[in-house]
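Lettering of chains follows the sequences in order, A, B, ..., and the numbering in each one begins at 1. Just so we're clear, the structure is a prediction, and the values are computed from it rather than from any experiment.
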Amino acid sequence: MNSASTSASVFRPPTCSILPPQPSISSNSNLSRIQYKRAKTNPRSISTIALQISHPKHLTPPDPPNFSTLPTVSEKLETLVSEFRSLPEPIDRVKRLLHYASLLPEFEESGRVESNRVTGCTAQVWLEVVMDGEGRMRFRVDSDSEITKGFCYCLIWLLDGAAAGEVVDFRIDDLGEMNVGILPIRASSRVNTWHNVLLGMQRRTKALIMESDNSLPLLQ
Amino acid sequence: MRTMEGVALKLPSFSQLINPNQLINRTSLNLRFNFPKSFSSSSSSSSSPKASLSVPAAAPVSLGHSTRPDFEILHQKVPNGSKLVYLDNAATSQKPSAVIDAVNNYYRSYNSNVHRGIHFLSARATDEYEMARKKVAAFINASQSSEIVFTRNATEAINLVAYSWGISNLKPKDEIVVTVAEHHSAIVPWQLLSEKTGAVLKFVSLTEDEVPDVKMLQETLSNKTKLVVVHHVSNVLASVLPIKEIAKWAHDTGARILVDACQSVPHMVVDVQDLGVDFLVASSHKMCGPTGVGFLYGKSEILASMPPFLGGGEMISDVFLDHSTYADPPSRFEAGTPAIGEAIGLGAAIDYLSEIGMQKIHDYEVELGNYLYENLRKVPGVGIYGPAPSQTVDRAALCSFNVEGLHPTDLATFLDQQHGVAIRSGHHCAQPLHRYLGINASARASLYFYNTKEDVDDFIRALDDTIGFFNSFK
């Protein structure tokens, strides 16, 4: 484990090195917007739309996380958990979440539609879920609650770019340390918005898995 | 007799004790001190066993201060070290020791199934359970205790009316008039019922002052109206509806009226005969009683005409293989073993509230509620929903509000985590109302008679700090 586990460490926001580089999208003029690149095959299925998230708001940290290969979801989770464990005071966790909220990429207005809304939350949350050409999941999220945005940023950092199976297998209990003390993870209520967001990510991932499984025999 | 040990009073000297037998004024509590005889012998006058001195009374203690010692749960610190400031009473109330002791005592001393047993424990349990029913009846001035049906809560009571009275009385195109400000429990059962019967829901909206439009309600009533369902006091807007008038209008068009009294019965005098309502529902847990019990009040002749809701033991008269005959109300609507201890606890809660006096509670809450409203209104960026209090408009002691640019859930989270202040954020089971007001959620601080001005001051201070904190991130 790298030095991120010390109490003085700062949780590094995701860098471009975690996502595979997309050479066709190198223009700087549109960095603030989500870039879409259509896959060459099967224009019918939206699950093959490739999505790259760019993060214009954060600065590339001077020493990126010391991952020799791309970190797994579990490794990232350990980083996140130790990050929040190093903040015993709730106010510090709130501050950290508000900081992450400010790093969340802009969410296009066109994405704020009913079909993207995560239901059962007291805060409004919109979630876009797509599967790229390599079966990896891409997520974008927005909310009217700053604390929720912070949680969602962490969720996205954990799961964006992960294999569909990893997203579905991700265990909710592991996120207890991040909790700003709203409710224990086990209680699934509308107040536990980010828990609902995670469930939403998993549910829609499963749907996309089934869609892509079903679409295979249809290919001519 | 309640004892007042533990009440912290600022007394200039021992010689300025309040005469326990003297009521200082209408709004103060009659304080009873238990002093040992040896102490009273040093008092300067009376030789009676109680301490009684003829000196000017000290400043009256507020109802909040005098009742707080009865609520152990309020005297705690939350994890971050702040003291708990509980302002979520519209969601549920705290229970005084007398109620907790009553439930404990039931389970310790005479727990037994009611109504059927011959033995001593069962007879006692039955007595206490039926005594609780009488207490509820007396509390709301029902004409007889058989007009009180114990349910799990007000929600179940409304569903009982929907599935029993509703199914057998509503036909296609019949109208049920409700307001957009109703709690979900007073909307959803009627939606389910309208799917089954073809009856139609008509919604009454709000005026510019954010109170249900009573004029519109009157105009919506017609000979098609079969039922009017309204709240007495709104759990979001804090407004109070003129139930007596609405009941009269409903009856003039041949309709029945059901009143959701969840936010009124715990806080003020409610007299069902005076109001003239056909059905009234309330929950024990909002009035210092345990969870798991509530009640439906229904006029005897109406209950007598209603078919059963749930089937099972207790609600039957004779059971054959091919049919059964049913008991009279209220048993007809109380299938299975009831929440015996909890009903007895509700009875103890009613005793406790009655001893203080509902008018006294109401007067105190009007004063404290206005204090909350006035101080909250002054916080920059705050908008409070519902009518402004005035000479003619009484608000309940709660404020639902929003702060510009700050999500209520973020607000409530910080208030809790940093300051130990417990308020609620969300829809408060009133999504149609929030949609009507054009908002997604709101925060709500709601008081009860054991809250104090200091609680309100703590809340306002914490709110200022919270707003400052979130603003510093913008």
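- One finds the CD atom of E89(A) at 10.0 Å from the CD atom of Q417(B) (value rounded to the nearest 0.5 Å).
- Residues A123(A) and H407(B) approach most closely at CA-NE2, 3.4 Å, considering heavy atoms.
- Atom CD of Q191(B) has more than 12 neighbouring heavy atoms from other residues, nucleotides or ligands inside a 6.0 Å radius.
- Contact of the I147(A) side chain with the F414(B) side chain is not registered, since no non-hydrogen atoms from C-beta on lie closer than 4.5 Å.
- Under the 4.5 Å side-chain criterion, counting only non-hydrogen atoms from C-beta, T148(A) is not in contact with T409(B).
- Counting non-hydrogen atoms of neighbouring residues, nucleotides and ligands closer than 6.0 angstrom, the CD1 atom of I91(A) exceeds 12 such neighbours.
- Between the CG atom in L98(A) and the CG atom in D410(B) there is a gap of 7.0 Å [rounded to 0.5 Å].
- The line from NZ of K95(A) to CZ of F469(B) is 6.0 Å long, rounded to the nearest 0.5 Å.
- Distance CG/N440(B) to CD/Q124(A): 3.5 Å, rounded to 0.5 Å.
- In the displayed structure, R424(B) atom CZ is contacted under 6.0 Å by at most 12 heavy atoms of other residues, nucleotides or ligands.
- The environment of CD in E404(B) is sparse: at most 12 heavy-atom neighbours from other residues, nucleotides or ligands sit within 6.0 Å.
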